[in-house]
Amino acid sequence: MAADVLRDVLVPEVLFGAAPADLPREDGCLRGDLMIEDGRVAGMRRGETGTPRVVMPALVEAHCHLDKCHTIHRMQGIGGNLREAIEAQVEDKALWTEDDLRARIGRGMDEAIAAGCGLLRTHVDWLEGLDLPPAWHVIAEAAGDRPGLKVDRSALIGVDILAEPGAADRVARDIAATGGTLGAFVLDHDGREAGMRAVLEAGATYGLTLDFHMDEGLEDGLDGLGLLAELMIGMGYQGPVLCGHCCSLMNVEGDALDRLLEKVAQAGIFVAALPTTNLYLQGRGAGTPDRRGLTRLRELDAAGVPIVVASDNVADAFCPTGFHDPMGALNLAVLTGHLDPPFARWLPSVTTNAARALGRAPVLVNGAAVGDLRISAARDLPGLVSGRLGPLATVAAAEMEHRSI
Ligand SMILES: [Zn+2]
């Protein structure tokens, strides 16, 4: 019998699945030869060692904004807080023709593919009224041209609009008909509780995945995450529900934080940290910032809340730099959020946790199709996370050795 073999690889154990006990372990990784039969991983064996490379599932970009990306070059005087960024981006929307959207969305998707992504969720701004915006179908067309990247679209609408009678149901019906996720922007809106309830009810009616831009600020009074958790527990809501940002968790500590995180864990909410945009927009004053805009990643993780890390805005009013690369976002989260080694424990935030947050089955290396894997020239996880040895690539047939077993 013959099999293809990918020699001397490191696979983060948390991303492998069931593994033989006798395989060598190094820094949270299994080390050995990956056995491939009929295009799928059929186990791992001890092998000769040389210079290893890291193999893992394709990355998941769980939160970005392809309709906004790569607009920074046509904006003036950027450098404000979240509300100023929203105003600047509103002005730019006058330029969002279908051709403009197609070019920028395609560029964003190609960046994600080059970074090793196999699945991506982009938020899509709703424009006037409740109708699907033009970017909704432009994204579907661009995704159709790139079969290696699965793309999920999530509505981004003010929660106060969705609180109006019938609005959430109307939007959810269109999303269910075209495929996608129902989402809302939740800040200090008066109608936030009613709006989140309407989103949950519409999500349950149409069987949709949900995604909230939640509490994106360090000011007092942003309490949406706790309200959502209570609503979900009260309704017995079954997810998946992903909340991005949750910056205002930084204002809660001690027993109050413990009680809040317990509720979030009980509700089954996933929380996404979005370091680039949060570092750029939050904690702004006249001088150099002395507060970080990140959410409480370490406390959430310790409380059993699955955490996700993603790229968010790229070269737009909300973040003037960046690229669509979840591993780059994780590298930033490591440094700014003190996500200490061993790094294997944080890799689910850009792979398996992120997939489950999007309502997709997570890919584990054992049993995966070769096309769903990525390989890095990095010889260890610090090298992988730093990204300095180049992006994660698909596994080329030439890299495998055909061998009798
Ligand atoms: Zn966002």
Side-chain angles (χ1 to χ4, degrees), residues 60-72 78 80-90 92-93 96 104-105 108-109 111-112 117 119-127 133 135-136 139 151-159 162 180-187 189 196 199 209-218 222 224-225 228 241-249 269-282 293-295 297 307-326 328-330 332-333 349-350 354 357-358:
V60 178
E61 174 59 82
H63 182 132
C64 67
H65 295 264
L66 293 176
D67 55 348
K68 296 186 178 92
C69 73
H70 298 298
T71 53
I72 188 69
I78 290 301
N81 59 20
L82 174 65
R83 288 170 207 275
E84 287 165 307
I86 290 171
E87 282 168 25
Q89 200 75 61
V90 164
D92 187 70
K93 284 176 182 171
W96 290 13
R104 293 187 293 100
I105 286 166
M109 285 183 183
E111 285 174 355
C117 292
L119 170 63
L120 171 152
R121 172 178 286 171
T122 176
H123 293 270
V124 184
D125 274 39
W126 248 240
L127 304 176
W136 195 257
I139 289 165
V151 175
D152 181 44
R153 301 165 292 181
S154 178
L156 181 52
I157 312 174
V159 74
L162 294 172
T181 294
L182 180 58
F185 178 74
V186 182
L187 205 58
H189 307 81
M196 287 192 284
V199 169
T209 45
L210 302 181
D211 196 318
F212 294 89
H213 276 68
M214 185 65 82
D215 301 338
E216 188 179 351
L218 292 169
L222 300 180
L225 182 62
L228 178 66
V241 176
L242 176 59
C243 288
H245 298 295
C246 305
C247 310
S248 66
L249 274 182
I269 294 171
F270 294 78
V271 172
L274 305 158
T276 56
T277 304
N278 288 162
L279 289 167
Y280 189 68
L281 293 180
Q282 302 300 320
L294 291 181
T295 190
L297 278 168
I307 60 166
V308 172
V309 177
S311 301
D312 205 6
N313 297 90
V314 171
D316 63 18
F318 298 76
C319 180
T321 66
F323 35 85
H324 294 93
D325 176 9
L330 178 59
L332 195 53
S349 69
V350 290
L358 269 54

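Counting convention: from 1, in listed order, for ligands and their atoms alike. Along the sequence shown, the residues carry numbers beginning at 1.
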Angle class for the His63/His123 ring planes (parallel below 30°, perpendicular above 60°, tilted otherwise)?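 His63 vs His123 ring planes: tilted.
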Give me the ring orientation class for His245 and His213: parallel if the planes are under 30° apart, tilted from 30 to 60°, perpendicular past 60°. tilted
Can you tell if the side chain of Asp67 reaches within under 4.5 Å of the side chain of Leu156, non-hydrogen atoms only?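 No - every pair of side-chain heavy atoms lies 4.5 Å or more apart.
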Spacing of Cys243 atom SG and Leu228 atom CG [to the nearest 0.5 Å]: 5.0 Å
Atom pair CG (Asp92) and CG (Asp316), whose distance is rounded to the nearest 0.5 Å: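 With rounding to 0.5 Å, CG (Asp92) is 9.0 Å from CG (Asp316).
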Sort by chain and number the protein N/O/S atoms that are closer than 2.8 Å to the Zn ion (ligand 1), and list them.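 Protein N/O/S atoms under 2.8 Å of the Zn ion (ligand 1): His63 NE2, His65 NE2, His213 NE2, Asp312 OD1.
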Can you see whether Asp152 engages Thr181 through a side-chain donor-acceptor pair at a distance of less than 3.5 angstrom? yes
